[in-house]
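These notes concern the structure reproduced below.
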Amino acid sequence: MLEKMNGFTHQSVIDEFEATTKDAGKVQVETLGKILEENGEAEYLQKLGLNGRTDPESFKACVPLATHPDLDPYIQRIADGDFSPILTGKPITTISLSSGTTQGKPKFVPFNEELVKSTMQIFRTSYAFRNREFPIGEGKALQFIYSSKQSTTKGGLTASTATTNVYRCSQFKNTMKDIQSQCCSPDEVIFSPDFHQSLYCHLLCGLIYREEVQFISSAFAFSIVHAFRTLENVWEELCGDIRDGILSNRVTVPSIRTAISKILEPNPELADSIYMKCSGLSNWYGVIPELWPNAKYVYGIMTGSMEPYLMKLRHYAGKLPLLSADYGSSEGWIGANVKPWLPPELVTFAVLPDIGYFEFIPLREKPEDQELEKTGSTLNYMESEPIGLTEVKVGEEYEIVVTTFAGLYRYRLGDVVKVMGFYNSTPELQFVCRRSLLLTINIDKNTEKDLQLAVQASTKLLAEEKVEVIDFTSHVDSSTDPGHYVIFLELSGEASEGALNECCSCLDRSFLDAGYVSSRKVSTIGALELRVVHKGTFRKILDHYIALGSAASQFKTPRCIGASNTAVLQILCNNLVKSFFSTAFD
Ligand code: AMP
C-alpha cells in the first residue's frame, strides 16, 4: 500500500528523484539558470559583470571560487541590517551559525526559505527510500533534538544554528507528520533553554511512549550516544518520575514542567517494567530494542566525524539496524542516502541535482609524496580546475564547491568527498574528511581522518582490557622544543599503565604521513604525548560550546584544540589524570 505524504505518495517522491537524476547534467544547467535568474540583481553578481547571463560558461568565467572569509564582509553587512540585494535578490532575514567547532567560533551563513524547502525535499527523499526497505507504522519518534540559543544581530536579524532555524519553521512540523517522524516530546522540551533538562525530558517522554516509538534519531550520532550514556546514570530517577507521576526537581524550567505535567501520570507498572528491563541488561547492551520494542531502526548522521561513536551506538542498538542520514551543511544540502540498507561505513550520498549547482575540484596526491612511502594522509593534494557534477570519475577524490539558492556562489565547502558510483547520472559521494589540517608542526600534515584512524588503532589495545574511548581530541604543543602532538583521551574505565604506554606508542606509530614519520625519526618533532582525562571532561567541553551558542543537535567534538582556545585547553588540563610519552621512535 502506498502511504500518503501530504498529497504525495512515497512512490511519487521516488519517481521525482528518478526523473531528476536521469539527466542530472541538464537539471544542473536549469538549476544554475534558476539561481542566477532569481538573484541576478544581487550586488555580488552585478559587480562580477555577469550582466544577467545564466549559463555555466559565463558563470565560471565571471565568478571566482570563494571561501567563507571572501563572503564574510557581504554577510556581515546583511547581519548589520543592510536590506539591499547583496547576495540574493530577496533580502536575507535570518542568519545561521555554522557549528564552527574546529575554528573555535561559529561562522555566519545566510538562511532563507529556499533552504527550508531543500531541507524538506531531502528529508522526504531519503524517507521515501528508507521506508521502502524499513517500513514504520503509525507512531512516534524518539528524537534527541535541541534548539540552540537564538540571538539578534546588530541589524535585527535572527541568528541561530541552521537546525534551530529549521525546527522553528511550520513546514518542519508538517513534513515530520508526513514522514511519520513526530517527536515524542512537546515543543517546550525541544526549545528548552537548558540542554540537560531537555535531554532528561526527551528520555522521559520516550519512555512514556515506549510502545509507540517507531525509531530513535538525532541529527548526528553523537547526540544519541550521549543520550544513552546519560540514561545509564539517570534511569532510576526516570523510573521514579514515572512511578509517582511527578517530574524530578532537576527540571526547573516552568514551561517544560507544565508541558510534561500534561503527559506524565503515575504508572507503577510501566516504571516496574522499565526497572526490570534496565536491571537485566548486561552493560547496557541492546538497551534500545529492550526499552523500545517497536523501534525499527536508529537514524542519524553516522559518517565522517561521527564514525568514532559507531561502536558504542551498535552496542546500545543491539540487533537494530543503524541507518545513516543525509549529507549537508548549514550552507546547503548536497545528497541523500538512498541506499539505507548499507552499513554506515559504506554509506554514500546521491547528489540532488536540483538542490543547488555543484562543482568538484579534483584532488590528486602530490607527486613528491608518491616517491615516499605511502602516506595514507588525505591532505597532500594537487588541485586542478573544478569540473561539473556529471564529469566526476568513480574512485577519485574531490573538494566540493556549492552554488546555492541562499546566496553562496562557487563556495568551497571544505569537505573532501570520493565518488563511489552513479545513481542514474548523479554521483554517489562518500564523505572522506574536512580538508583543513588538524595537526602540523613542520612538514607533517595530518587531517581529522588521520587522527581518527590513529585513535581507532589504539582503541583496539584498550578494548583488550574492556576499556572504551569515550571521546578524544588533540593539540599541538609548541611550548616544548621540538614541538609534539598531544592526544587527549577520555576512557570508560581504568586501563593498566602497560596498556596506556603501548596505546601511546601505537598512536605515534599510526600517523603514517611521511612528513610526520621522517620528522619523528630525526627528532624534529618530539615524542607523542597521551593525556588521559577524567570521565566527564568532554561533557564539560560540550557544555562550554553550548554556553557559547552552539546547538547540541549539531555538535561535533572539536578534534584539535588550537593554542588560542584557552578555555577548552584549560578544561582539558584541569582534568588530567595522567600523561604518557611514546617510545615508538626511541
Ligand atoms: P555544520 O557547520 O554544523 O552545518 O556542519 C556541516 C559539516 O558537517 C559538513 O561540511 C561536513 O563536514 C559535516 N557533515 C554533514 N553531513 C555529514 C555526513 N552525512 N557525513 C559526514 N559529515 C557530514
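Whatever order the structure lists them in is the order used to number ligands and atoms, beginning at 1. Being a predicted model, the structure only gives us computed values, none of them experimental. Computed from heavy atoms alone, side chains included, the values below leave out hydrogens, waters and symmetry copies.
When the heavy atoms of W333, F431, Y327 are ranked by distance to atom 21 (C) of ligand 1, first place goes to F431. One option in I334, T303, V347, V417 has a heavy atom closer to atom 20 (N) of ligand 1 than any other, and that option is T303. With distances taken over non-hydrogen atoms, the option nearest atom 10 (O) of ligand 1 out of D415, V416, V432 is D415.
You'll find the ring centres of H10 and Y127 inside the 6.0 Å limit. In this structure, Y146 has its ring center closer than 6.0 angstrom to the ring center of H202.
Put simply, part of G328 is less than 4.0 Å from ligand 1, judged by heavy atoms. Ligand 1 lies within reach of D326, whose nearest heavy atom is under 4.0 Å from it. Proximity of K556 to ligand 1 is established by a heavy-atom distance of less than 4.0 Å.
Atoms of ligand 1 lying under 4.0 Å from any heavy atom of Q554, numbered from 1 in the order shown and given with element: 1 (P), 3 (O), 4 (O). Interface atoms of ligand 1 facing R434, defined by a heavy-atom separation under 4.0 Å, are 10 (O), 12 (O). Interface atoms of ligand 1 facing F349, defined by a heavy-atom separation under 4.0 Å, are 19 (N).
Applying the side chain to side chain contact (heavy atoms under 4.5 Å, CB included) rule to T566 yields no partners; only residues at least two apart in sequence or on another chain are considered. For R77, the salt bridge (charged side-chain N to carboxylate O under 4.0 Å, His left out) criterion is met by E43, D82, not counting sequence neighbours.
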Stepwise salt bridge (charged side-chain N to carboxylate O under 4.0 Å, His left out) check, E113 with K90: CA-CA 10 Å; E113 197 55 30; K90 268 196 232 151; over 6 Å; no
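Relative ring orientation between F222 and H226 is described as parallel, the plane-to-plane angle staying below 30° on a 0-90° scale split at 30° and 60°.
Considering backbone and side-chain N/O of S329, none are found under 3.5 Å from N/O of ligand 1. Inclusion of S305 in the set of residues having an N or O under 3.5 Å from an N or O of ligand 1 is not warranted.
A cation-pi contact, defined as under 6.0 Å to the ring centre and within 45° of the axis, is absent between K540 and F538.
When only modelled atom types and interatomic distance are considered, Q197 and S192 share no side-chain donor-acceptor pair under 3.5 Å.
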